[in-house]
Enquirer: 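Quick one: this structure, given as structure tokens, is what I'll be asking you about.
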Amino acid sequence: MATPPSSPEKRLLQLFLVLFTVASCCGFLGLRWLVARDVHSHSPLPDAAPPPELPGARGIHLGVALVPASTPLAQARTYEWRAESLLPPEYRVAYGLGESLASSLEREHHAYGRRMRFRPLGPARFTYQAPPECEKDMRCIYAELMRSNAEPVHVLGTRFVEHIRAQQLDSLEAAELIITFVQRIHYAEPNGQPFGLLPPALVAAWNEGDCDSKAVLAVMLLRQAGIDAAILYSDPLAHAAVGVALPVRGPPFRLGNRVYRYAELTTEGWPLGMIPPQHDKPHLWKVLPMTEPPGEADSPVDEADTPESGDVK
């Protein structure tokens, strides 16, 4: 993991130097998308094993999430990242999918592509035929991935939720913890995958994903933590991000009476609410409405400060 900058000025310079590495994210977004409206609920899995001690590692270990529980610990990937606004800022979590489960999730994703008659047309271009009830964007694709990956992602989310509750983090702190984790995941185009998407459980297990593959994972984790989140996408800008309904500075994105703020996922440490300059065209972005997620039985964060459109100038 890169050494953090020694001053705010160096940190800001570092952020702008890496801006241009994400300019071509999600090139497939220039096509017409279609959406389903349902994300099914799921039952929680048993708690994962206690975290192992890592020699020389710093910060807080959120634990180990293995799916299924019999997955060898050697197959788990340990992430280390920084959430600068939290104390301490260093965090770790380990996540592992059994090989058969990972293969099953990938096969199911390809089978869904065949049912939708997905057909690649070239680099970052494809076509498919969606059911009549879908809208003209990618909601149905994202919703299907949330449904099919609900169980393995929920096990990972439980590690975050338990820490959020134990430390009594507020909604902004909880969002910072989750978003910085997803930012830490390596950016990579999912070549050969239907719809240019990697299933969210595989994003976490394989440490790779492009902008909207990572956005699906982030929305699932944020919602499990009780944070109102939605996928933001821009067809003209060929990019995707996450919107969080939290009171932070930045351009507002409205959906009904809800106000969302931008969260960039392709650059480590990118501040919540700030849009990268090459994507800073709010009128070209759209909030994808999704059905309410199952979440946790009791929300671990206070939602009292979640803004509505009348609260934002």
Side-chain angles (χ1 to χ4, degrees), residues 1-4 42-84 86-106 145-146 148-167 169 173-188 190 198-209 213-225 227 265-266 268-269 296 300:
M1 183 174 180
T3 302
H42 51 81
S43 57
L45 295 181
D47 290 341
E53 291 298 326
L54 300 180
R58 297 183 302 167
I60 296 177
H61 200 321
L62 304 187
V64 178
L66 300 175
V67 192
S70 59
T71 301
L73 185 59
Q75 293 183 17
R77 181 183 301 274
T78 298
Y79 290 92
E80 299 184 18
W81 76 99
R82 292 181 65 87
E84 296 291 350
L86 304 182
L87 290 176
E90 298 94 356
Y91 292 87
R92 292 174 285 146
V93 72
Y95 184 59
L97 288 182
E99 293 180 357
S100 61
L101 175 58
S103 297
S104 176
L105 291 172
E106 189 172 19
L145 286 173
M146 290 180 182
S148 61
N149 287 243
E151 293 285 4
V153 172
H154 187 267
V155 176
L156 174 62
T158 298
R159 308 272 67 80
F160 287 87
V161 168
E162 289 180 350
H163 176 76
I164 290 165
R165 285 176 171 161
Q167 299 301 314
L169 301 186
E173 293 169 330
E176 174 81 2
L177 180 68
I178 292 170
I179 289 169
T180 52
F181 162 71
V182 179
Q183 288 175 338
R184 165 65 180 78
I185 295 173
H186 177 65
Y187 176 87
L198 188 66
L202 299 184
V203 171
W206 295 353
N207 185 30
E208 64 180 45
S213 300
K214 294 174 72 173
V216 173
L217 173 63
V219 166
M220 294 176 74
L221 295 175
L222 288 164
R223 288 183 167 192
Q224 186 177 344
I227 298 169
L265 299 173
T266 61
E268 283 192 62
E296 294 288 333

Enquirer: Just how far is it from atom CG of Leu66 to atom OH of Tyr95, taken to the nearest 0.5 Å?
Expert: 9.5 Å

Enquirer: Quick check: does any side chain N or O of Gln224 sit under 3.5 Å from a backbone N or O of His154, one acting as donor and the other as acceptor?
Expert: yes

Enquirer: With distance as the sole test, does Tyr79 use its side chain to make a donor-acceptor pair with the main-chain N or O of Ala204 at under 3.5 Å?
Expert: yes

Enquirer: Calculate, to the nearest 0.5 Å, the distance between atoms CG and CG belonging to Leu202 and Leu101 respectively.
Expert: 8.0 Å

Enquirer: Among Val203, Val216, Leu105, which residue meets the side chain to side chain contact (heavy atoms under 4.5 Å, CB included) test with Asn149?
Expert: Leu105

Enquirer: Please state whether the rings of Tyr91 and His163 are parallel, tilted or perpendicular, taking 30° and 60° as the class boundaries.
Expert: perpendicular

Enquirer: Can you name the closest pair of heavy atoms from Leu222 and Ala175 and give their distance?
Expert: CD2-CA, 3.9 Å

Enquirer: Would you name the heavy atoms of Ala218 and Ile178 that are closest together and state the gap between them?
Expert: O-CG2, 4.4 Å

Enquirer: Passes side-chain contact (heavy atoms from CB on, under 4.5 Å), Ile185 versus Leu217? Steps please.
Expert: CA-CA 11 Å; Ile185 295 173; Leu217 173 63; 3.7 Å; yes

Enquirer: Does Arg82 form a side-chain contact (heavy atoms from CB on, under 4.5 Å) with Thr180? I'd like the steps, not just the answer.
Expert: CA-CA 7 Å; Arg82 292 181 65 87; Thr180 52; over 6 Å; no

Enquirer: So, for Leu177 and Trp81, which heavy atoms are closest and what is the spacing to 0.1 Å?
Expert: O-NE1, 3.4 Å

Enquirer: Within this structure, what is the CD-CD distance for the pair Glu84 and Glu90, rounded to the nearest 0.5 Å?
Expert: 8.0 Å

Enquirer: Looking at every non-hydrogen atom in both residues, tell me the closest pair between Leu265 and Lys214 and how far apart they are.
Expert: O-NZ, 2.7 Å

Enquirer: Could you check if a side-chain atom of Leu62 sits within less than 4.5 angstrom of a side-chain atom of Phe181, using non-hydrogen atoms only?
Expert: no

Enquirer: Nearest 0.5 Å, please: how far is CG in Leu86 from CD in Gln167?
Expert: 10.0 Å

Enquirer: Ignoring hydrogens and geometry, is there a side-chain-to-backbone donor-acceptor pair from Arg77 to Ala205 under 3.5 Å?
Expert: yes

Enquirer: Considering all heavy atoms of both residues, which atom of Leu198 and which atom of Trp206 are nearest to each other, and what is their separation?
Expert: CD1-CZ3, 3.8 Å

Enquirer: Might you point out which heavy atoms bring Arg184 and Glu80 nearest each other, and give the distance in Å?
Expert: NE-O, 3.1 Å

Enquirer: Mark yes or no for whether Thr71, through its side chain, and Val67, through its backbone, hold a donor-acceptor pair below 3.5 Å.
Expert: yes

